[in-house]
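For the numbers below, each heavy atom of this structure counts, side chains included, while hydrogens, waters and symmetry mates do not.
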Amino acid sequence: MRRYGGAVLLLLTGAAVLRITLFGELYLRYVQAGLRPYLIVSGGALVLLGLVSLATTALPGHRGHPGDHPGHPGDHPGHPGHHHGPAGPRVAWLLTLPALALLLFPPPALGSYSADREAAQRAAQGVGSFPALPAGDPVTLTVGAYTSRAIYDSARSLKGRTVRLTGFVTHGDDGAWYVTRLLVTCCAADATTAKVEIRDADAPPTDTWVTVTGTWRPKGTLGSDAAWPPLLAATAVTRVKQPADPYEKP
């Protein structure tokens with residue numbers, strides 16, 4: 001059975017990649033949408049290689065281990081009776097576990113744990129003016145866009161405007177709570193955090209997805225550490241489902 005191990009591993013890995021890309025949107029938990037075609041091609045190639053390997057291995061006359069001899073499985077030339085025993089193949093089959101895990105139990109998107117581990121990192125940009133916001137209230141902004149305007153916008157474009165933000169809930173040690181999003185440039189490995197402290201509203205449970213409507217409340221000097229994280233005085237907090245793509249782009 002061990003001679004089919006490589007083919008099975010290729011098939012499982014390819015099937016797992018295709019499952020999260022071709023047959024759903026789970027891949028958005030790990031990478032940006034633009035990488036989907038490459039993942040589909042890669043998954044298809046792995047499945048094809050697995051099928052070819054399976055077919056060639058099953059051909060009549062195909063030999064498994066080069067040291068195998070009839071009547072003495074696992075014997076090696078010059079070392080009669082010497083073999084690896086059953087432990088070798090059993091250990092090798094453990095390589096299929098990661099592929100099976102991804103196929104059957106795809107891990108969730110990054111959440112509050114990843115956000116809490118992220119230091120208060122912000123874009124390396126100076127204080128300046130931002131483009132005018134669209135007319136009409138409330139105006140929908142990403143959490144990242146709101147934090148940039150709140151911290152760096154010398155024109156104070158948020159003043160007097162009602163905004164709407166969507167993200168998941170995180171909590172601070174001091175009892176404060178935040179609407180939070182993870183910003184992903186390429187994949188989940190490079191995620192950074194954007195968060196807004198919510199005032200005048202009760203805190204939902206951690207990792208709950210919410211849409212918060214409210215108004216900007218000034219805090220600290222523009223561009224300073226005292227301005228982080230920015231504040232939002234909430235007028236409404238609504239629980240929502242996690243979006244298909246839980247990440248924002250920087």
- request: Rounded to the nearest 0.5 Å, what's the gap from CH2 on Trp209 to NZ on Lys241? Could you check?
  value: 14.5 Å

- request: Flag yes if Val169 and Leu183 sit in one hydrophobic cluster, no otherwise; membership is Ile, Leu, Val, Met, Phe, Trp, Tyr, and two members link when side-chain heavy atoms are under 4.5 Å apart.
  value: no

query: How close do Pro204 and Asp202 get, heavy atom to heavy atom, and via which atoms?
result: CD-O, 3.3 Å

message: With side-chain contact (heavy atoms from CB on, under 4.5 Å) as the criterion, how do Phe168 and Val210 come out once you've worked through the C-alpha distance, each side chain's angles and the decisive distance to 0.1 Å?
response: CA-CA 6 Å; Phe168 59 89; Val210 295; over 6 Å; no

query: Quick one: side-chain contact (heavy atoms from CB on, under 4.5 Å) partners of Thr142, sequence neighbours excluded?
result: Ala145, Glu248

- prompt: Is there a donor-acceptor pair under 3.5 Å between the side chain of His171 and the backbone N or O of Ala203?
  reply: no

field: Hydrophobic cluster membership, Val212 vs Val196, 4.5 Å side-chain cutoff
entry: yes

message: I'd like to know if Val179 and Tyr146 are part of one continuous hydrophobic network [Ile/Leu/Val/Met/Phe/Trp/Tyr, side-chain heavy atoms within less than 4.5 Å].
response: yes

- prompt: Hey, what do you get for CG (Leu133) to OG1 (Thr140), rounding to the nearest 0.5 Å?
  reply: 11.0 Å

field: Same apolar cluster: Val240 and Leu182, side chain cutoff 4.5 Å
entry: yes

- prompt: Thr147 and Ala194: which non-hydrogen atoms are nearest, and at how many Å?
  reply: OG1-CB, 4.3 Å

field: Approximate separation, where rounding is to 0.5 Å, of Leu222 CG and Arg149 CZ
entry: 13.0 Å

- prompt: Is a side-chain donor or acceptor of Arg161 paired with a backbone partner of Gly136 at a separation under 3.5 angstrom?
  reply: yes

- prompt: Is a salt bridge present between Glu197 and Arg199, judged by a nitrogen-to-oxygen distance below 4.0 Å?
  reply: yes

- request: Identify the heavy atoms of Gly167 and Arg181 that sit nearest to each other, and give their distance.
  value: CA-CD, 3.5 Å

task: First locate atom CG of Leu158, then atom CG of Leu141, and finally report the distance between them rounded to the nearest 0.5 Å.
output: 7.0 Å

message: Would the distance check show the side chain of Ser53 and the main-chain N or O of Leu49 forming a donor-acceptor pair, the cut-off being under 3.5 Å?
response: no

query: Do the side chain of Ser42 and the main chain of Tyr38 share a donor and acceptor less than 3.5 angstrom apart?
result: yes

- request: Go through the structure and list residues passing side-chain contact (heavy atoms from CB on, under 4.5 Å) with Ile40, not counting sequence neighbours.
  value: Leu18, Thr21, Leu22, Arg36

message: Just verifying a value: how many Å separate Ile198 CD1 and Trp177 CH2, rounded to the nearest 0.5 Å?
response: 5.0 Å

- prompt: Any chance the side chains of Thr215 and Thr162 put a donor and an acceptor closer than 3.5 Å?
  reply: no

field: Residue list, salt bridge (charged side-chain N to carboxylate O under 4.0 Å, His left out) with Arg156, at least two apart or on another chain
entry: none

Point-to-point distance, once rounded to the nearest 0.5 Å, from CG of Leu232 to CH2 of Trp216: 11.5 Å

query: Just wondering, do Leu54 and Leu11 contact through their side chains at under 4.5 Å, heavy atoms?
result: yes

field: salt bridge (Lys or Arg N to Asp or Glu O under 4.0 Å): pairs with one or both residues in residues 163-180, sequence neighbours excluded
entry: none

field: By side-chain hydrogen bond (donor to acceptor under 3.5 Å, both in side chains) - contacts of Arg239 (at least two apart)
entry: none

message: Checking Thr166 against Thr211 for the side chain to side chain donor-acceptor pair (under 3.5 Å) test, could you report, in this order, the C-alpha distance in whole Å, the side-chain angles of both residues, the deciding distance, and whether it holds?
response: CA-CA 4 Å; Thr166 297; Thr211 293; 2.8 Å; yes

query: Closest heavy-atom contact between Phe130 and Ser148?
result: CZ-O, 3.6 Å

- prompt: Listed by chain and number, what are the side-chain contact (heavy atoms from CB on, under 4.5 Å) partners of Ala227, not counting sequence neighbours?
  reply: Ile151, Ser224

